[in-house]
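Chain identifiers are assigned alphabetically (A, B, ...) following the order of the sequence lines, protein sequences preceding nucleic acid strands; residue numbering begins at 1 within each chain.
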Amino acid sequence: MEDLLFYLFAFVVIGSASVVVLSKNIMYSAFSLLFTFFGVAGLYVLLFADFVALTQIMVYIGGILVLIIFGVLLTTKITGVDIKSGTTGKVQLITASVVVVIIAISLILLFTNVEWVNQEFVQPNTTIDSIGFAFMTKYLLPFEIAAVLLLIALVGATLIARRK
Amino acid sequence: MSVGLTEYLIVSAILFSLGIFGIITRKNAIMVLMGLELVLNAANINFVAFAKYGGMNIDGQVAALFVIILAAAEAAVALAIVLNIYQNFKHINVDEIVKMKD
Amino acid sequence: MKDYFKNVWLGVWTALIGMRITIDHLFRKNVTVQYPNVHPKDKAGWMDMPSNARNRLYVDMDECNGCNSCARACPVNCISIETVRSVPGDAPPPLASGGKRNLWVSQFEIDFTKCCFCSLCTEACPTGAIVMTTEFEYSSYNRYDLVYNFVKLQNSMSDEKIAEVKEKWAEHQKEKKKEAVEPK
Amino acid sequence: MEEANFVFNMIGENWIAFAIISLLPMIFLLAYALIAILGELKISAFIQERLGPMRTGPWGIIQPVAEVVKLLQKEDITPDSANKPLFNLAPFIMFAASYAGFAVIPFSSYFVPSGINLGLFFLLAVGSLGIIGLLMGGWASNNKYSLLGGLRAVAQIVSYEIPAAMVILTIAVMAGSLDLQEIIRQQSGWFWNWFVFGGSGGWIKIIFLPFSFIMCIIYIIASLAETNRTPFDIPEGESELVAGYHTEYSGMKFAMFFFAEYANMFIVSAIITIIFFGGWNSPFGDFMGGPIWGVFWFVSKAFVFVFLQIWLRWTLPRLRVDQLMYVSWKVLLPFSFVCFLALSLLVMLK
């Protein structure tokens, strides 16, 4: 059952990610990103990371994806439904594919051949409890820095995007 | 075949490569950003997979959450920059934007 | 700062006032009439139509002095009046309200296919002869049935009477002409 | 702790049980949608001192069925210049997002489709999923009104999600849990234990009563905006945008949008019920308590808030876009921050 779900989500993730990078229509890319993020959230759930999965849905789909679609709509002349995104020339395309295939193959070979330390996961009662404790004790400084970073990003983004 | 760590890593490797492919082949700045999100997601899958199978326990999930926070901040700032570029150049093709100033 | 809190408070408070009003209306009696099943007259009473109701016109021929102001006020020209002047000594009966009449109204037609129910004629009428009734169900299969001749309908003047007054007037005219031709 | 679903208790934990559990909210939703459509028609009529639909069935009670049948047999038009795949996909995403929310809504102490311990956060997360459906439908219609409606809807929902999230955060602090069943259990007993009255605990909470009231009002306002109901219906303001993002939709797909909107209305009402008004708890202690009465209490409390939404629709005029943003960022957000601090203080003092 879980294996089946894993393959389903993996298929969704990889299929929609291919649509993201291969589609000519930039809106198709943006909307298929929805399924990628959703599939990744599904993978997180299968990995017992429910809080991360929900954060993924909330931040990526509710925030970043909406921002990206807004960005597309604001930076393209939206007079029709055909919004193309240009690709670089053919030479670059072929080189890029070759490089990427090499990267993928080497990564997969690496991942399959390395003997990973296979420790069983200690499933806590509720993940959110332990995540909360981790944030407030072990990772207190990064947590605070992340908060400050978000504030800076908020102010900075507003400042940059403001019309002069 | 029972699904274990390796399968998750393979999914993340393919996702990572697709993201890289998107980053290098596309002209549109927002498409580049989307590729970047794919790469970040691939990294996140790794973190969470290691959290379950690699003995990282909750630390892996915490790292993934930090990545999500960073991605949110990065997307906001990047899109602000893209909008600004669009106002100045009337297009957002990354390979044609070579000057810092008009 | 004070303005801000005042604004917020006003926003909430006025919304609550509005909600009180609407909930009040929620439990009031409905004014809708289930028309074909229940006639509005049954619900509202014969003369209790709304003040701006627009229905069929009615002309009381006993009140009409044939002044033609309604026909002139009508924007769609649906009223056509024919009058015959009376000869001296043969005045028409006075109005029901007591006024004097000089004209025989021989024809008073309202074409209800044209009528736009603007009620301007009722305002123009000096004697209050033309009024709006509460009747609105008077459709017909033949459009000529919608041309109402109130003289005929109320039988205020029979055909013979009309012929008679016309004759009298024609004679009177002739005499006048003779007088004009043959000076004393 | 009453943990399990009654379905599991009856037929064991198997495939059929899972199927039944995932279908039960759907059955409820269908029945609810009919009631809500009739309620909307009748309440609006009564507020305007009309009678509403009267011809279909006695007092027009079969009118919603007639409307649904009409919508389903209407011609399903896809505009020629629309982007067909996305145009056809959008209503399904909208509906899936609304229905996903039902997965964690506890109808009774013995029935919750999926009792995950992040229920409140889950509702917040899937609430943001519907935005994409709106944007997709608005863009794919290839119609300026649809696009503007979609953009407006997204701007509005994203802005109002922040006050709503603050309220939910406050509830998480007050309850110390994100599990909806746990939150409801903490409000058991008499109605003054509800979070709208400061939760259970000593007399100190009376000082903080205004804050919890304000919190509840903030959430009601934000939820109105998130479901695009009047006075926040600028995404579909018919005097400006024809019908907003669903201008081009007809027949079955329009029915999906419609259904999703009504499902959303119920979800936000259910959230208000759960986090402020004690969920399936009886207001009077043990009087009429228990799992079966729990369904009754939960549904009737939620219906009160559905009624409130319909009531507000016929009371308040539509807001302007700048007023909408003003309300969200300059009124609701500061107030929710203050209330958050105050209620956290209450939790510390208790």
Point to revise | Within 6.0 Å of CD in D:Q323, more than 12 heavy atoms from elsewhere | key: yes
Review point. Would one find more than 12 heavy atoms of other residues, nucleotides or ligands at under 6.0 Å from atom NZ of D:K70?
Key: yes
Review point. Non-hydrogen atoms of chain C under 4.5 Å away: do they reach the side chain of D:I221, the backbone, both or neither?
Key: neither
Exercise for review: Answer yes or no: are there more than 12 heavy-atom neighbours, outside D:F211 itself, under 6.0 Å from its atom CZ?
Suggested key: no
Study note, to complete from the structure: Honestly, the part of C:F27 sitting under 4.5 Å from a heavy atom of chain D is neither
Practice item. State the OG1-CG distance between C:T22 and D:L316, to the nearest 0.5 angstrom. Key: 8.0 Å
Study note, to complete from the structure: Here the gap from D:W314 atom CH2 to C:I23 atom CD1, rounded to the nearest 0.5 Å, amounts to 14.5 Å
Revision key, fill the gap. Distance col, row D:T315:OG1 vs C:H25:NE2, nearest 0.5 angstrom, shows 10.5 Å
**Study point:** Proximity breakdown for D:I217 and chain C, heavy-atom pairs closer than 4.5 Å
**Key:** neither
Practice item. Say whether, by atom type as modelled, one donor and one acceptor occur between the side chain of D:W311 and the main chain of C:M19 under 3.5 angstrom. Key: yes
Check your understanding: Using a cut-off of under 4.5 Å for heavy-atom pairs, which of D:L51, D:V327, D:V331, D:L308 has the most such pairs with chain C?
Key -> D:L51
Review point. Would you say C:R143 has more than 12 foreign heavy atoms packed within less than 6.0 Å of its CZ?
Key: no
Check your understanding: Angle class for the C:Y4/D:F335 ring planes (parallel below 30°, perpendicular above 60°, tilted otherwise)?
Key -> tilted
Revision key, fill the gap. Applying a strict 4.5 Å limit to non-hydrogen atoms, the region of D:P334 in contact with chain C is side chain
**Study point:** Choice from D:E49, D:Q48, D:M54, D:R50 maximising heavy atom contacts with chain C below 4.5 Å
**Key:** D:E49
